[in-house]
Amino acid sequence: MGKEHWDTYVDWNPWHGCTKISAGCKYCYVYRQDEMYGSNIASSICRKTGAFYLPMKKKRDRSYKIPSNKIVFTCFTSDFLLKDADEWRTECWQMMKERSDLWFYFFTKRIDRLKQCLPSDWGDGYDNVIIGCTVENQDRADFRLPIFNELPIKHKSIIVSPLLEHVDISSYLNDTIEEVAVGGESGVNARPCDYDWILDLRRQCVERDIPFRFHQTGAYFKKDGKMYRVKRRYQIEQAIKAGIDYKIGEYLIPENVDYWVYKEKEPKEGKP
């Protein structure tokens, strides 16, 4: 992926650490990274980070460190709905609301907790918050997606990753779903991902005219009956080269969603 794509995105991890709750968590990349960098705190222990107030931080000229019109990947080294972070979440919702010139995007395996975690002024959803429900197998799809479909969220994505088996989500695809993103598992212990599973999920999306994105192959990728070991640095590249994305436009954004509707709110230079 070219640098012009990554420049659209910013990472914000207000807390770090998470507990494993389902099959997709078995080889969690957060645990792997903590081990790689020699963290002396267990990955299961959730702790607030120094980046907690990043969306509100400003430069010397009083402009925001995160400029307008960025998509902010939120809480990717934890889960935004983790119970251990309940005491901190209210401030995060407030920052998201105040920075209405940004898009905040978080994935969760705890969609069943969203209703009790929402701010009092949520209504039918904040305009600038995208929520992705993560599923990894049929069992979790059948548990999480019915809940997801009933929740008041203005921008919904389904993240089928790490894809561990053939999954049928066709009955959960409706006109509130803006994108389905699919990928295999990374890491030395990764479980295989079969290209046929990917193609069938694509078929399900195309039949309902929902944008589909194949975002990474995973470390062990099966295609035409042959298993491939794909190095980490090529997993995204190879997924893009497959050329099977559907209705995904510039900057890997679904064509049917305008993520720049707040552009007119961009602060003037030198002012917040």
Side-chain angles (χ1 to χ4, degrees), residues 1-11 24 29 69-74 76 103-108 130-137 141 145 148 153-186 190-224 226 228 230-261:
M1 186 186 304
K3 186 176 184 294
E4 69 276 8
H5 290 116
W6 290 124
D7 283 350
T8 308
Y9 304 97
V10 176
D11 293 333
Y29 69 91
N69 307 316
K70 298 294 185 182
I71 298 174
V72 183
F73 282 150
T74 301
F76 272 44
W103 285 87
F104 294 89
Y105 192 178
F106 70 82
F107 304 164
T108 182
I130 312 159
I131 298 178
C133 180
T134 301
V135 301
E136 64 266 39
N137 55 27
L145 295 181
F148 189 48
I153 303 168
K154 287 192 174 178
H155 302 285
K156 294 181 177 181
S157 293
I158 295 174
I159 315 300
V160 191
S161 180
L163 180 57
L164 303 179
E165 63 182 23
H166 174 266
V167 178
D168 185 348
I169 61 171
S170 57
S171 62
Y172 308 119
L173 297 177
N174 55 47
D175 58 9
T176 71
I177 306 299
E178 295 178 342
E179 176 191 25
V180 174
V182 182
E185 187 171 42
S186 60
R191 290 154 288 184
C193 180
D194 194 313
Y195 192 45
D196 287 344
W197 304 341
I198 301 285
L199 292 177
D200 193 63
L201 280 163
R202 181 186 189 276
R203 175 193 60 79
Q204 295 170 42
C205 292
V206 171
E207 287 180 354
R208 288 157 180 78
D209 203 31
I210 292 174
F212 169 90
R213 184 161 68 89
F214 177 26
H215 68 84
Q216 72 171 33
T217 63
Y220 293 97
F221 190 64
K222 186 177 180 181
K223 183 179 180 182
D224 298 329
K226 184 177 180 179
Y228 296 89
V230 186
K231 292 183 178 179
R232 185 70 184 94
R233 63 180 178 274
Y234 299 127
Q235 290 172 27
I236 294 175
E237 177 184 315
Q238 290 300 312
I240 293 173
K241 283 184 176 180
I244 63 171
D245 288 357
Y246 176 71
K247 288 201 166 183
I248 300 296
E250 190 178 15
Y251 306 116
L252 304 181
I253 293 169
E255 291 178 354
N256 62 341
V257 181
D258 185 1
Y259 283 152
W260 313 115
V261 294

Please identify each residue that fulfils side-chain hydrogen bond (donor to acceptor under 3.5 Å, both in side chains) with S186, with sequence neighbours left out.
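S186 satisfies side-chain hydrogen bond (donor to acceptor under 3.5 Å, both in side chains) with R32 once adjacent residues are dropped.
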
Apply side-chain hydrogen bond (donor to acceptor under 3.5 Å, both in side chains) to R202 and list each qualifying residue two or more places apart in sequence or on a separate chain.
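Scan of R202 (side-chain hydrogen bond (donor to acceptor under 3.5 Å, both in side chains), adjacent residues dropped) gives none.
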
Give the minimum heavy-atom separation between [X] and [Y], together with the two atoms involved.
X: Y105; Y: I131; value: CE2-C, 4.4 Å
X: F106; Y: T74; value: CB-O, 3.4 Å
X: V167; Y: L201; value: O-CD2, 3.4 Å
X: P254; Y: E179; value: CG-CB, 3.7 Å
X: F214; Y: A239; value: O-CB, 3.4 Å
X: Y195; Y: F221; value: CD1-CZ, 3.3 Å

Short side-chain to backbone donor-acceptor contact, [X] and [Y], under 3.5 Å:
X: K247; Y: V206; answer: no
X: Q216; Y: S161; answer: no
X: E178; Y: N256; answer: no
X: D194; Y: E165; answer: no
X: E136; Y: L164; answer: no
X: D224; Y: K226; answer: no

Would the number of heavy atoms belonging to other residues, nucleotides or ligands and lying under 6.0 Å from NZ of K154 be above 12?
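Yes - once you tally the heavy atoms of other residues, nucleotides and ligands closer than 6.0 Å, there are more than 12.
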
Would you say that more than 12 heavy atoms from the other residues, nucleotides or ligands in this model lie under 6.0 Å from the OH of Y29, or not?
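Above 12, so yes.
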
Heavy-atom check, side chain of I153 versus side chain of T176, under 4.5 Å:
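No, every pair of side-chain atoms sits at 4.5 Å or beyond.
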
If I take atom NE2 from residue H166 and atom CG from residue D200, how far apart are they, to the nearest 0.5 angstrom?
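Going from the NE2 atom of H166 to the CG atom of D200 covers 3.5 Å.
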
Roughly how far, to the nearest 0.5 Å, is CZ of R208 from CD1 of I169?
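CZ of R208 is found 9.0 Å from CD1 of I169.
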
Tell me, please, whether F148 has K156 positioned over its six-membered ring: NZ or CZ under 6.0 Å from the ring centre and within 45 degrees of its axis?
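Flagged: K156 positioned over aromatic ring of F148.
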
For D11, what residues pass the salt bridge (Lys or Arg N to Asp or Glu O under 4.0 Å) criterion, not counting sequence neighbours?
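In terms of salt bridge (Lys or Arg N to Asp or Glu O under 4.0 Å), with neighbours along the sequence ignored, D11 is linked to no residue.
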
